[in-house]
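Single-structure report; data block below.
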Amino acid sequence: MSVEIKKVESKKDLKTFVDFHYDLYEGNAYDVPTLFSDDMATLSRDKNAAFEFCEAEYYLAYKDGKLVGRVAAIINNKANKRWGRKTCRFGWIDFIDDLEVSKALLDTVAEYGKSKGMTEVVGPLGFTDFDPEGMLTEGYDQLGTFATIYNYPYYPQHMEKLGGWVKDNDYVEFKIFVPDAMPEKHLKIAQMVEKRYNLHVHVMTKHEVYKEGKGIEVFKVINEAFKDIYGFSELSDKQIMQYINQYLPYGDLRLIPVVEDWNNNKKIVAVGITLPSLSKAMQKTRRGRLFPFGWWHVLRSLKCHKTNIVDLEMVGVLPEYRSKGAVALLFAHLIPLFQKFGFEWAESQVEMETNENVQNQWQYFETKQHKRRRCYKKEIK
């Protein structure tokens, strides 16, 4: 029987769309469920600020009356303008091991893109860089993270078999092992940077984040730091407020240090956003729901640091301060905290394989590349 594609048109359909991933990966030891409420909000036009400049449709695939796949088709008009491309993104893609299903889903995305005047399909990508991106191609036996995609090995096999899909960008991910003692060379660099450039680490208070505007300043730094990174689109003021309210209230601000330039009115020039890993905690939730008991496991990880892994969600440095060693200051602050909280290693999250500047940040630490993921592209004929 052929594959039937149904467009998501109601809230009930959207719940089915989100729940399909939990069904497909139930009991998988490496997949980390997303938070159901986060996915519902991200995919809802009235809740996600990215819809200021994005368009999207979501599709479900059925075969023999059974749900067998899902995909989102997204057009980020701001990113397309920034990079001079006419790209339709595919994201939130999941499917059973049936080539007919994956082909039907991706063909549907291409048809949507064609109807909007797009000339290529690229993915997996979300609305913005704050959404999961890249299809896992190595590291299927490694625990996933809350912020990245886990997929079965047959996904990239399908991309190869379908034909026409080529590499657009590869990401690598590292385990960065927490040392027993701060590397002496790293510490000396941090001390030199502090003295020479009058740069200093600062731990923000909640009052500073919400009342004095430092939360906004942090995301302005991220906008500037990532403006030239693959596929990035500048966060709008509405998005910035959304992310401040969505993420910062739950983090330990000691693990989200900033670097200030005391020669420039204590301007924030760098930020390191790190969080205790939520991977094991999310695996203990009921299909990504915090109730009835999921909230307890998540809270223990966030507030009590009941995990041996820390996620390096984002490290952003203003371009003019990269050569001044601002990153060294961040990790001179963070490493003692990682040791204190019992973290054994840090997950680097996705880094472009060509971004040597980022990977050089870890040169004084023991590291292991343990995952690789790919964004594919295909011309719309």
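Closest heavy-atom contact between Leu334 and Pro257: CD2-CD, 3.8 Å. Taking all atoms of both residues into account, the shortest heavy-atom contact from Arg322 to Ala225 is NH2-O, 2.8 Å. Taking both residues in full, the closest heavy atoms of Phe146 and Leu278 are given as CD2-CD1, 4.0 Å, listed atom of the first, atom of the second, then distance. Residue Ser233 comes nearest to Asn76 through the heavy atom pair OG-ND2, 3.1 Å, listed as atom of the first residue, atom of the second, then distance. Summarising the geometry of Gly215 relative to Ile244, their closest heavy-atom pair is C-CD1, 3.4 Å, with the distance given to 0.1 Å. Pro33 and Tyr22 make their closest contact through CB-CE2, 3.9 Å (heavy atoms, listed as atom of the first residue, atom of the second, distance).
Taking a 6.0 Å sphere around CD of Gln363, one finds it holds more than 12 heavy atoms contributed by other residues, nucleotides or ligands. Atom CH2 of Trp296 has 12 or fewer neighbouring heavy atoms from other residues, nucleotides or ligands inside a 6.0 Å radius. Heavy atoms from other residues, nucleotides or ligands lying under 6.0 Å from NZ of Lys188 number 12 at most. Within a 6.0 Å radius of CG in Asp46, other residues, nucleotides and ligands contribute more than 12 heavy atoms. Applying the 6.0 Å contact sphere to NZ of Lys103 captures no more than 12 heavy atoms from other residues, nucleotides or ligands. Summarising the local packing, CG of Asp228 is surrounded by more than 12 heavy atoms from other residues, nucleotides or ligands at distances under 6.0 Å. The environment of NZ in Lys306 is sparse: at most 12 heavy-atom neighbours from other residues, nucleotides or ligands sit within 6.0 Å.
Looking only at side-chain heavy atoms (C-beta outward), Lys167 and Thr137 stay at 4.5 Å or farther from each other. When side chains are defined from C-beta on, His333 does not count as touching Val259, because their heavy atoms never get closer than 4.5 Å. Using a 4.5 Å heavy-atom cutoff, the side chains of Cys88 and Lys114 are not in contact. The side-chain heavy atoms of Ser102 and Lys161, taken from C-beta on, include no pair separated by under 4.5 Å. Side-chain contact check for Val32 versus Leu143: some heavy-atom pair is nearer than 4.5 Å.
Hydrophobic clustering of Ile, Leu, Val, Met, Phe, Trp and Tyr side chains at less than 4.5 Å, counting indirect connections, keeps Trp262 apart from Leu318. Residues Leu235 and Phe53 do not share a hydrophobic cluster, clusters being chains of Ile/Leu/Val/Met/Phe/Trp/Tyr side chains in contact below 4.5 Å. At a threshold of 4.5 Å between side-chain heavy atoms, the hydrophobic network of Ile, Leu, Val, Met, Phe, Trp and Tyr places Leu125 and Ile149 in two separate groups. Under the 4.5 Å side-chain heavy-atom criterion for grouping Ile, Leu, Val, Met, Phe, Trp and Tyr, Val121 is connected to Leu99 within one hydrophobic cluster.
Under 4.0 Å is where a charged nitrogen must lie from a carboxylate oxygen, and between Asp252 and Arg254 at least one such pair does. A salt bridge links Arg372 to Glu353: at least one charged side-chain nitrogen sits closer than 4.0 Å to a carboxylate oxygen. Electrostatic pairing of Asp38 and Lys47 does not count as a salt bridge here, judged by no charged N lying under 4.0 Å from a carboxylate O. Under a 4.0 Å N-O distance rule, the pair Glu57/Lys6 does not qualify as a salt bridge. Salt-bridge check for Lys220 with Glu217: failed, with every basic side-chain N at 4.0 Å or more from each acidic carboxylate O. Salt-bridge check for Glu208 with Lys214: failed, with every basic side-chain N at 4.0 Å or more from each acidic carboxylate O. Under a 4.0 Å N-O distance rule, the pair Glu234/Lys78 does not qualify as a salt bridge. Between Lys378 and Asp107 there is no salt bridge, since no side-chain N of the basic residue sits under 4.0 Å from a carboxylate O of the acidic one. We find that Arg89 and Asp131 are not joined by a salt bridge, their nearest charged nitrogen and carboxylate oxygen being 4.0 Å or further apart. At a threshold of 4.0 Å, the pair Asp94-Arg70 counts as salt-bridged, since one of the basic side-chain nitrogens sits closer than that to a carboxylate oxygen.
Separating the OG1 atom in Thr42 from the CH2 atom in Trp92 is a distance of 6.0 Å, to the nearest 0.5 Å. Atom CD of Glu52 sits about 5.0 Å away from atom NZ of Lys238, to the nearest 0.5 Å. Atom CD1 of Ile96 and atom CG of Asp23 lie 12.5 Å apart (nearest 0.5 Å). Here the straight-line distance linking atom CG of Asn77 with atom SG of Cys54 works out to 7.0 Å at 0.5 Å rounding. The distance from the CG atom of Asn80 to the OG1 atom of Thr87 is 5.0 Å, given to the nearest 0.5 Å. Going from atom CD1 of Ile256 over to atom CG of Leu275 covers 5.5 Å, rounded to the nearest 0.5 Å.
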Given Thr34 and His21, is the side-chain contact (heavy atoms from CB on, under 4.5 Å) satisfied, shown in steps?
CA-CA 9 Å; Thr34 55; His21 184 89; 5.7 Å; no

Take Tyr58 and Leu43 through the side-chain contact (heavy atoms from CB on, under 4.5 Å) test and state the conclusion after the steps.
CA-CA 9 Å; Tyr58 318 125; Leu43 296 167; 3.7 Å; yes

Quick one, His305 with Leu255, criterion side-chain contact (heavy atoms from CB on, under 4.5 Å). Give me CA distance, side-chain angles, the key distance, then yes/no.
CA-CA 11 Å; His305 313 112; Leu255 296 174; 4.2 Å; yes

Could you walk me through whether Asp39 and Phe17 pass the side-chain contact (heavy atoms from CB on, under 4.5 Å) test, one step at a time?
CA-CA 10 Å; Asp39 264 4; Phe17 182 94; over 6 Å; no

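By the side chain to side chain contact (heavy atoms under 4.5 Å, CB included) test, Thr307 is found to be paired with Pro276, Ser277, Ile309, Phe343, residues two or more places apart in sequence or in another chain being considered. Residues meeting the side-chain hydrogen bond (donor to acceptor under 3.5 Å, both in side chains) test with Glu26, sequence neighbours left out: none.
Here Phe331 and Trp362 bring their ring centres to under 6.0 angstrom of each other. For an aromatic pair to be called close, the ring centres must be under 6.0 Å apart, and Tyr25 with Tyr30 fails this.
Between the side chain of Arg287 and the backbone N or O of Phe36 there is no donor-acceptor pair closer than 3.5 Å. At distances below 3.5 Å, not a single donor-acceptor pair connects side-chain atoms of Glu173 with backbone N or O atoms of His370. In this structure, the side chain of His297 does not engage the main chain of Met282 through any donor-acceptor pair within 3.5 Å. Tyr150 places a side-chain N or O within 3.5 Å of a backbone atom of Tyr140 that can act as its donor or acceptor partner. Proximity of a side-chain donor or acceptor of Trp83 to a complementary backbone N or O of Phe232 within less than 3.5 Å is detected. The closest donor-acceptor contact from the side chain of Asp311 to the backbone of Glu347 lies at 3.5 Å or more, if one exists at all.
Cation-pi geometry between Arg373 and Tyr171 is not satisfied (NZ or CZ under 6.0 Å from the ring centre, within 45° of the ring normal). Figure legend: Lys185 and Tyr364 shown without cation-pi pairing, the cationic atom not lying both under 6.0 angstrom from the six-membered ring centre and within 45 degrees of its axis. In this structure, Arg45 is not positioned above the aromatic face of Phe127 in the sense of NZ or CZ being under 6.0 Å from the six-membered ring centre and within 45° of the axis.
Ring geometry, Tyr243 versus Phe130: the interplanar angle falls under 30°, so the pair is classed parallel (tilted spans 30 to 60°). Taking the six-membered ring for Trp and thresholds of 30 and 60 degrees, Phe95 and Tyr155 have nearly parallel ring planes, at less than 30 degrees apart.
Exactly one of Leu60, Ile93, Ile5 qualifies for a side chain to side chain contact (heavy atoms under 4.5 Å, CB included) with Val71. That residue is Ile93.
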